[in-house]
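A quick write-up on the structure given underneath.
Read the numbers this way: they start at 1 and go in the same order the structure lists the ligands and their atoms. Numbering of residues begins at 1 and proceeds along the displayed sequence. Just the heavy atoms: all of them, side chains too, but no hydrogens, waters or symmetry mates, feed the values below.
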Amino acid sequence: MTVPRSWLALWRRLALIFLSAALLGRIAGQPLLALLIAALGCLAWQLWRLYRLYRWLQDEGEIEPPRAGLVWADIAARMVRLRRQNRKRKRKLSRLLEQFQQATAALPDAAVVLGDDDRVLWCNGASQQLLGLAPGRDVGLPVTHLVRHPSFVAFLGQQRQGDSVEFPSPVDDGLLLNARIVPYGKKQRLLLAADISRVRRLEQMRRDFVANASHELRTPLTVIVGYLETLLDSDDPALASWRQPLRVMRQQAGRMLHILEDLLMLARLESQKERPPRKPVAVPALLADIAEDAIALSGEQGHRISLSAEPRLWILGCEKELRSAFSNLAFNAVRYTPAGGRIDMRWFADADGIYLAVEDDGEGIAPQHIPRLTERFYRVNRDRSRGSGGTGLGLSIVKHVLNNHGGQLRITSELGVGSVFVCEFPGELRVEPPVALARNESGFR
Ligand code: ADP
């Protein structure tokens with residue numbers, strides 16, 4: 001490390017002062033006194049410089065440093081540079097802060113910074129319109145004192161990342177909000193709330209439209225099917241050449257009716273208003289019926305269909321919905337398994353829940369299709385599905401039925417090996433059947 005030039009100059013100067021003092025002291029016969037006076041003089045001078053620098057540092061407004069000698073000039077120059085950099089940084093930060101505040105003020109979503117105990121540290125303008133928070137008034141208060149909806153309070157307490165909650169705005173019941181929490185920093189969390197009333201209204205409009213259109217189409221279509229059946233049943237020789245086209249028309253009209261029925265079923269499943277009350281459902285008996293229907297559907301294809309069901313395993317639910325979901329799975333297994341294939345249905349419970357597993361050794365499904373199977377009209381092979389009477393809505397119905405029962409659908413499959421569709425229900429749905437009514441498991445082959 002090299003010694004700065006100002007320091008060398010200072011030492012040179014001090015050496016000169018002390019040498020001169022020693023020389024003068026010697027001439028005057030008082031060398032020690034002369035050295036002492038010189039040392040005190042130097043000390044006083046340096047203290048004066050230090051004092052001026054201190055005053056200058058205290059005075060934020062003054063830019064130019066005091067005139068100072070040697071080392072002090074260096075220190076002052078360095079400080080001037082630091083001061084300038086500091087001012088520049090401050091200006092940049094305040095510009096950024098201003099831009100950030102303008103951006104968050106323009107944000108249509110509410111943004112609230114929460115600190116310890118979920119106290120409001122900061123909030124933007126939209127949080128006033130959506131959550132009723134006033135930046136000046138509510139800072140420092142726990143957000144749960146200001147937004148008291150039970151779903152929101154429970155959501156804030158559970159701290160599960162990635163989740164969101166929907167609740168009506170405390171300012172206006174007509175506004176539906178969707179809130180998310182993003183943790184950041186050490187203990188801070190950002191609460192973001194967006195108005196989703198429009199999206200929900202549009203979804204409702206879409207649901208109503210599909211339900212109404214399906215409903216309106218069903219009646220004329222039923223009439224057409226009725227007439228086609230009458231024509232097919234007729235012995236009139238004039239119709240002989242029309243028999244084949246009439247059969248195709250009857251078949252296609254039947255398919256359309258089937259699609260309409262499934263669309264109406266989905267609309268009912270999605271509607272939160274028309275939820276049927278949950279009642280004890282004798283699932284083993286229900287599955288026995290479905291297995292009989294599956295055998296009938298298989299017909300000459302001779303699938304080996306087996307059912308094993310815990311006889312006393314009943315659940316609370318909607319029988320109509322469960323019948324629809326379970327038959328969709330059983331009939332799919334028949335439709336997508338080659339003749340003579342094996343189909344096993346198992347109804348059982350363990351410590352974690354209650355399950356229906358429908359397993360087949362059929363054609364299987366490639367992994368890229370599996371996550372999309374429950375989408376409406378999603379089919380791996382459109383022609384194959386249509387050819388076997390599919391509507392493309394079956395698994396979507398299954399998913400909705402399970403959702404409505406607090407359950408979920410798990411699908412595992414391998415191409416060419418087979419598939420397993422498992423309906424999982426929460427264990428709390430289990431109910432004890434009346435003793436006399438529980439059907440015996442050995443009743444089905
Ligand atoms: P679809 O009426 O077309 O059967 P679904 O919603 O019931 O409609 O099923 C969606 C798609 O999932 C089907 O088109 C089919 O490709 C596939 N799939 C369903 N069940 C099975 C199964 N057991 N084995 C193989 N593929 C299946």
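For Phe348, the CZ atom sits in a packed shell: over 12 heavy atoms of surrounding residues, nucleotides or ligands are nearer than 6.0 Å.
Using cut-offs of 30° and 60° on the angle between ring planes, the pair Trp347 and Phe326 is tilted.
Interatomic distance, Phe152 CZ to Glu166 CD, rounded to the nearest 0.5 Å: 14.0 Å.
Between the side chain of His145 and the backbone N or O of Leu141 there is no donor-acceptor pair closer than 3.5 Å.
Nearest approach of Gly364 to Leu415, heavy atoms of both residues: O-CD2, 3.7 Å.
The immediate protein surroundings of ligand 1, defined as residues with any heavy atom under 4.0 Å of it, consist of Asn332, Ala333, Arg335, Tyr336, Asp360, Ile365, Leu373, Tyr378, Arg379, Val380, Ser385, Gly390, Thr391, Gly392, Leu393, Gly394, Leu395, Ser419, Phe421.
Annotation: salt bridge (charged side-chain N to carboxylate O under 4.0 Å, His left out) contacts of Arg346 (sequence neighbours excluded): Glu359.
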